[in-house]
Structures are given as structure tokens and as C-alpha cells.
Participant: 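Below is one structure. I have some questions about it.
Just the heavy atoms: all of them, side chains too, but no hydrogens, waters or symmetry mates, feed the values below. Numbering starts at 1 and runs along the sequence shown.
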Amino acid sequence: MDVSVTMWSLTIVGLCALIAADFFIGGRKPHEVSIKEAGIWTAVWVALAALFGLGLLVFAGGRPSGEFFAGFITEKSLSVDNLFVFVLIMAKFAVPTIYQQRVLMVGVLIALVLRAVFIAAGAAIVSTFSWVFFIFGAFLIWTAWKLVQEARVDEEEEEFEENRLLKAVEKRFPSTDQYHGTKLFIMENGKRLMTPMLIVMLAIGTTDVLFALDSIPAIFGLTQDPYIVFTANAFALMGLRQLYFLIGGLLKKLVHLSYGLSIILGFIGVKLVLHALHEAGVHVPEISIPVSLGVICAVLAVTTVTSLYASKKQALAEAGSGEDRARDKDSVDV
């Protein structure tokens, strides 16, 4: 899709306006986010993404629109996996509930800027070297296998491990252990100290970039258009803060999410390899965008249903075991 500089500028200005509106309407004053508020804002961001996709359909055609929706759904589903790590980060830094939305808002903005750099670099590489699709495809297939292996490991306690950049920042700049509202720096005994608020924001933003190592190749497997790649990532990330509060309690119930994401990444990896072979002159079938979109939606639907069923079954089993133990205890007492 041929996108002019003017269209790029208008898109970035529009996204900045939406982010500003989100901040001044819902995120300016620190407060605990209710399920109702999170649900309304999540619906708003999904609706805006849908309107953008329909706009592409009207003005650019079915293919760009289909690529956007496939990319948006893929990035959104992968971003849900990020929320597990965000929960660990919030717990590690003991972020007060009223400040969590501010942390997520700034952290996501950092992630969006860093992802834009990744996308620009990826677009330049893809346009110059077609063989890079072999690398992207192989990496996604390997990532899919790794996700399956990790899902099979029963980890009773997970802990967040700080990345090297975050460790370097904490080592170089003096910091305080206490939160001081939403302040990032404070003056104490004549020294300028960094607060945990800034550290956790950096943790959220830089950790998300690690997830971009598989999500960016994944979306390039669906479209090579930098404009669609960027906008799909932007809309997927901008609603992540509200999604965190909306499905925070539901995350533990999505027990099959890793399996679903592994199938999606593996599928896109195969799609990339087939595309690379086609570009190399080998006559192989290519997977169309409608098929990709259908597979992604079907996998997510099945994963959600089976996860909720498995969680409900496990809860009933645990409840039954608790009743049996209670009856045994009563028998002993008698």
C-alpha cells in the first residue's frame, strides 16, 4: 500500500491525540481502575481499531484491511501473554494499586516508541533481503516449540528477572525505595534520587520489547507493509492498560493460552517459510490473508473455551477434595 508522508503524519498525530485523550479523561488522576471503567475503555479501543480497519477497507481495499485485522488480532493475543509478566513486575516492585494505571500508560508508550524502531529496522531488512523470511519463519517455529515446552513445565512460583538495561540504570543512578506519588525523581539531602515509579515504568517498557522479538516477525509474516505493521501494533498496545485491569483475574484461567499462541506462531512461521520459498522461485502454495485470519480467530476461540472449561473443571475438583477432607476431619473428631 502506497502511503504518503502526509498520511503517515496524520496517522501519528491522530494516535497521539487518542493517547492524550485517554490520559486526560481516564488516566490523569491516580485511582483504582474498576472493572466497569476498564471494560468501557477496552471496548472503545477495540471499536477504534475496527473503525480504522473499515477505513482501510473503504479507501485501500480488502487486502490491506484483512492484513490489518489479522495483524491486530495476532498482536492483541500476543500482548495478552505480556500481561502475565506485567503482573509479576507490579508484584516485584510492590506498586500501589492507584498508581498501576500510570505505570502501564507510560510503560506502554515507551514500548510503542521502541517497537516503532524495531518495525522501521524490520521493514528495511525485509525490503532489501527476501531471504530474511527464512530466518523469521524458523525463529517463529522455534518460539512456538519453546512456548509448548514452557507450558508443560509446572512452575509453582514465577519471578520477574530484571533485564540488563534495567540493572544498568539502577546501578548507575541512585534511587529511593519509597514511592512519592507519581513523581519520577525527588530531592533528598541535596541529592537527586530516582523513585521506584520510574524504575517500574522502564521495566514495563523494556520488557515489552523482548516480546516484540517474536511479535514483530509474526506480523511481518502477515503483511510486509510498514504502515499496517505499525498501526496494528499501535492499536494493540494502546488498549493494553485497560485490558490489564479487565482480565487481570481471568489470566490465571487462560491455562491453554500458551498452546494457542504456539499454534499461531508456528502457523505464521510456516507461512513465512512458504513465502520465502515462493520469493526464491520455488513453486509452493502460499497461505492467503483470509485463511490466516480464520485460523488465528479459530485458534483463539478454541483456546479460550478449552481454558475456561479446564479451569472450571479444576475448581470443581478442588472444591470436591476440600469437602472430602472436611468430612474426613469430622469423622475423626466424632
Participant: Heavy-atom distance under 4.5 Å between the side chains of Phe185 and Leu193, does that happen here?
Facilitator: no
Participant: Do Leu18 and Phe230 belong together in a cluster built from hydrophobic side chains that touch within less than 4.5 Å?
Facilitator: yes
Participant: Roughly how far, to the nearest 0.5 Å, is CG of Leu56 from CZ of Arg63?
Facilitator: 13.5 Å
Participant: Tell me whether the rings of Phe235 and Phe52 are parallel (<30°), tilted (30 to 60°) or perpendicular (>60°).
Facilitator: tilted
Participant: Once rounded to the nearest 0.5 Å, what's the spacing between atom CD1 of Ile199 and atom CG of Leu184?
Facilitator: 10.5 Å
Participant: Going from CH2 on Trp142 to CG on Leu265, what distance comes out if it is rounded to the nearest 0.5 angstrom?
Facilitator: 11.5 Å
Participant: Working to the nearest 0.5 angstrom, can you tell me the gap between Phe267 CZ and Ser292 OG?
Facilitator: 4.0 Å
Participant: Pair up each side-chain donor or acceptor in residues 5-14 with any protein partner under 3.5 Å, not counting sequence neighbours, and list the distances.
Facilitator:
from: Ser9; atom 1: OG; to: Val5; atom 2: O; distance (Å): 2.9
from: Thr11; atom 1: OG1; to: Met7; atom 2: O; distance (Å): 2.8
from: Thr11; atom 1: OG1; to: Tyr227; atom 2: OH; distance (Å): 2.6

Participant: Check the hydrophobic clustering (I, L, V, M, F, W, Y; side-chain heavy atoms under 4.5 Å; chains of links allowed) and say if Ile263 and Leu293 are grouped together.
Facilitator: yes
Participant: Does any part of the side chain of Val103, heavy atoms only, come nearer than 4.5 Å to the side chain of Ile204, both counted from C-beta?
Facilitator: yes
Participant: How would you list, by chain and number, every residue that makes a side chain to side chain donor-acceptor pair (under 3.5 Å) with Thr306, sequence neighbours excluded?
Facilitator: His256
Participant: As a quick check of understanding, evaluate side chain to side chain contact (heavy atoms under 4.5 Å, CB included) for Gln101 and Tyr244, giving each step before the final call.
Facilitator: CA-CA 9 Å; Gln101 66 161 345; Tyr244 172 87; over 6 Å; no
Participant: Rounded to the nearest 0.5 Å, how far does OG1 of Thr303 lie from CD1 of Ile264?
Facilitator: 6.5 Å
